[in-house]
2 protein chains.
Amino acid sequence: MPHCHTYLKRLRDHGYRITPQREMIIQIIAHCGRHMSAEEVMEKVRAKTSSINIATVYRTLDLLVENGLASRFDLGNGNTAYATSEHGPHIHLVCKHCGSVTEITESDISASLDRIEDLYDFDCRPYHFSVHGLCRDCRDTRTD
Amino acid sequence: MPHCHTYLKRLRDHGYRITPQREMIIQIIAHCGRHMSAEEVMEKVRAKTSSINIATVYRTLDLLVENGLASRFDLGNGNTAYATSEHGPHIHLVCKHCGSVTEITESDISASLDRIEDLYDFDCRPYHFSVHGLCRDCRDTRTD
DNA sequence: TTCCTTGTTGCAAACGTTCGCAACAAAGGA
DNA sequence: TCCTTTGTTGCGAACGTTTGCAACAAGGAA
Ligand SMILES: [Mn+2]
Ligand SMILES: [Mn+2]
Ligand SMILES: [Zn+2]
Ligand SMILES: [Zn+2]
């Protein structure tokens, strides 16, 4: 249940301006539910209006991330995904061989993250990040 | 104590050819001790011979990673680093705000990685990867 | 409503990285 | 030693993303 006007209000309260481009981008990513690439967001927005540029999409997504309204994460192989806080928090197991993504809950590793926080004073929250490795299929197939 | 000829032999045994470019790149990264970007490797090699191309550097580093002779890891902000197995295994705490990198030992979170392996059959080893978050300084400075 | 300030946009160039392709050369066999 | 095979290179184009800059327009003030 995304409330786009909440996101917009938050930006306005922080002194940012509300533009048609930002409204479109926020509506798309907030209603989508899953994570999307910048290019996907671009295409969905362009289907509604041609007045959009890929640089603006990246800048708006970055703005949302910087203001805690969305998260950005590395899906490996140079692919980056964005999602609003509707999606998460959780952890991605990204296979570095086949690229498959398994979503697991943060509770599975929260003890270690707490420990990192205690020992190193390093804040690993929000817990939307990726762990890269090898999925079962790819491990079994490995020849070396 | 890097033994370049070991790396070279390993490649040869896998059916790859030993070229002057590969010898140079391996010598640089194996003797360096720390992790380096592809561009850094390029510059060091170029200081010795001009016969090197950035595409070849990337291809060679990828080859080493694919054959388990080096690791590649995301330092955040789109920066990628490479290192031979002399460096590691360990974990990077990468601050998404200031980019600082803290190296911690794998034992700090190995319990969670074991758990992921058990529950999801996902291999997170070798343990040379990054955890993105906020360092103490950047957390204290945060305004929002 | 109109104006002014200044944050935002589109564009084009640049960034780091990957890819296709033709020329080249490492390695093994004759 | 030379030849043949085929893996590797350099180059240039392309990729996804970031950046500088001038034109534009959101939002507040008058
Ligand atoms: Mn996710
Ligand atoms: Mn390291
Ligand atoms: Zn896999
Ligand atoms: Zn920091």
Side-chain angles (χ1 to χ4, degrees), chain A residues 5 7-26 29 35-46 48-67 69-70 72-82 96-97 99, chain B residues 5 7-26 29 35-46 48-67 69-70 72-82 96-97 99:
Chain A
H5 67 274
Y7 290 86
L8 293 170
K9 183 177 186 315
R10 188 84 161 268
L11 288 186
R12 203 187 320 247
D13 289 348
H14 281 233
Y16 299 107
R17 294 181 182 170
I18 306 309
T19 66
Q21 290 87 344
R22 287 181 176 169
E23 289 189 89
M24 297 290 290
I25 291 166
I26 287 173
I29 194 175
H35 34 83
M36 310 174 78
S37 68
E39 202 61 48
E40 282 179 305
V41 173
M42 170 82 170
E43 281 163 20
K44 298 257 188 219
V45 173
R46 176 147 285 169
K48 299 194 170 191
T49 170
S50 60
S51 174
I52 190 68
N53 181 276
I54 189 66
T56 301
V57 174
Y58 278 108
R59 282 187 283 229
T60 300
L61 293 173
D62 289 346
L63 186 72
L64 295 174
V65 171
E66 250 71 80
N67 285 274
L69 302 174
R72 170 182 39 218
F73 35 96
D74 172 26
L75 294 182
N77 306 111
N79 292 78
T80 302
Y82 298 84
K96 67 177 78 173
H97 190 251
Chain B
H5 68 272
Y7 291 86
L8 292 170
K9 182 176 187 318
R10 188 84 159 269
L11 289 185
R12 201 186 322 244
D13 289 348
H14 282 234
Y16 300 107
R17 293 181 183 172
I18 306 308
T19 67
Q21 291 88 343
R22 287 181 177 170
E23 288 189 90
M24 297 289 290
I25 292 166
I26 287 173
I29 194 174
H35 33 82
M36 310 175 78
S37 68
E39 202 62 46
E40 282 179 305
V41 174
M42 171 81 169
E43 282 162 20
K44 298 259 189 219
V45 173
R46 177 146 286 168
K48 299 193 170 193
T49 171
S50 60
S51 175
I52 191 67
N53 182 275
I54 188 66
T56 301
V57 173
Y58 278 108
R59 281 186 286 226
T60 300
L61 291 174
D62 289 347
L63 186 73
L64 295 175
V65 171
E66 250 72 81
N67 286 274
L69 302 175
R72 168 181 39 215
F73 35 95
D74 172 26
L75 293 182
N77 307 110
N79 292 77
T80 302
Y82 299 83
K96 66 175 80 171
H97 191 250

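In what follows, chains are A, B, ... by sequence order, proteins preceding strands, each numbered from 1.
The shortest distance between the side-chain N/O atoms of A:Ser37 and the OP1/OP2 oxygens of D:dG16 is not below 4.0 Å. Between B:Thr80 and C:dG16 there is no side-chain polar atom (N or O) within less than 4.0 angstrom of OP1 or OP2. OP1 or OP2 of C:dA25 has not a single side-chain nitrogen or oxygen of B:Gln21 nearer than 4.0 Å. OP1 and OP2 of D:dT9 both lie 4.0 Å or more from every side-chain N or O belonging to B:Asn53.
Nearest to the side-chain atoms of B:Arg59 among the listed nucleotides C:dA27, C:dG10, D:dG10 stands D:dG10. Minimum atom distance to the side chain of B:Ser51 is reached by D:dG10, of the listed C:dT18, D:dG10, C:dA26. Out of D:dA26, D:dT8, C:dA27, the shortest distance to the side chain of B:Arg12 is found at C:dA27. Here the nucleotide nearest the side chain of A:Thr56, chosen from C:dG20, C:dT18, C:dT9, is C:dT9. Side chain of A:Arg17, nearest nucleotide from C:dG10, C:dA27, C:dT6: C:dT6.
Here the CD1-CD1 distance, from A:Ile25 to A:Ile52, works out to 4.0 Å after rounding to the nearest 0.5 Å.
Atom CD1 of B:Ile18 and atom P of C:dG28 are 10 Å apart (whole Å). We find that CZ of B:Arg72 is positioned 14 Å from C1' of C:dG16, with the value rounded to whole Å. Rounded to a whole Å, the CG atom of B:Asp62 is 13 Å from the P atom of D:dT8. Atom OH in B:Tyr16 sits roughly 18 Å away from atom C1' in C:dA25 (whole-Å rounding). For the pair B:Leu11 CG and D:dG7 P, the computed distance is 15 Å after rounding to whole Å. For the pair A:Leu63 CG and D:dT18 P, the computed distance is 14 Å after rounding to whole Å. Atom CD1 in B:Ile54 sits about 15 Å away from atom P in C:dC19, given to the nearest Å. For B:Met42 and C:dT18, the CE to C1' distance is 15 Å, given to the nearest whole Å.
With hydrogens and angles left out, the side chain of B:Arg22 and the base of D:dT8 share no donor-acceptor pair within 3.5 Å.
Both B:Tyr82 and A:Thr19 lie near DNA chain C, and the one whose nearest nucleotide falls closer to the 5' end is A:Thr19.
Considering B:Arg17, B:Lys9, B:Arg10 in turn, B:Lys9 is the only one that fulfils the salt bridge (Lys or Arg N to Asp or Glu O under 4.0 Å) rule with B:Asp13.
Taking the side chain as every heavy atom from C-beta outward, B:Asn67 and B:Tyr16 approach each other to under 4.5 Å. With contacts defined as side-chain heavy-atom distances shorter than 4.5 Å, the pair A:Leu11/A:Ile26 qualifies.
A salt bridge links A:Arg72 and A:Glu66; the closest N-O separation between the charged side-chain nitrogens and carboxylate oxygens is under 4.0 Å.
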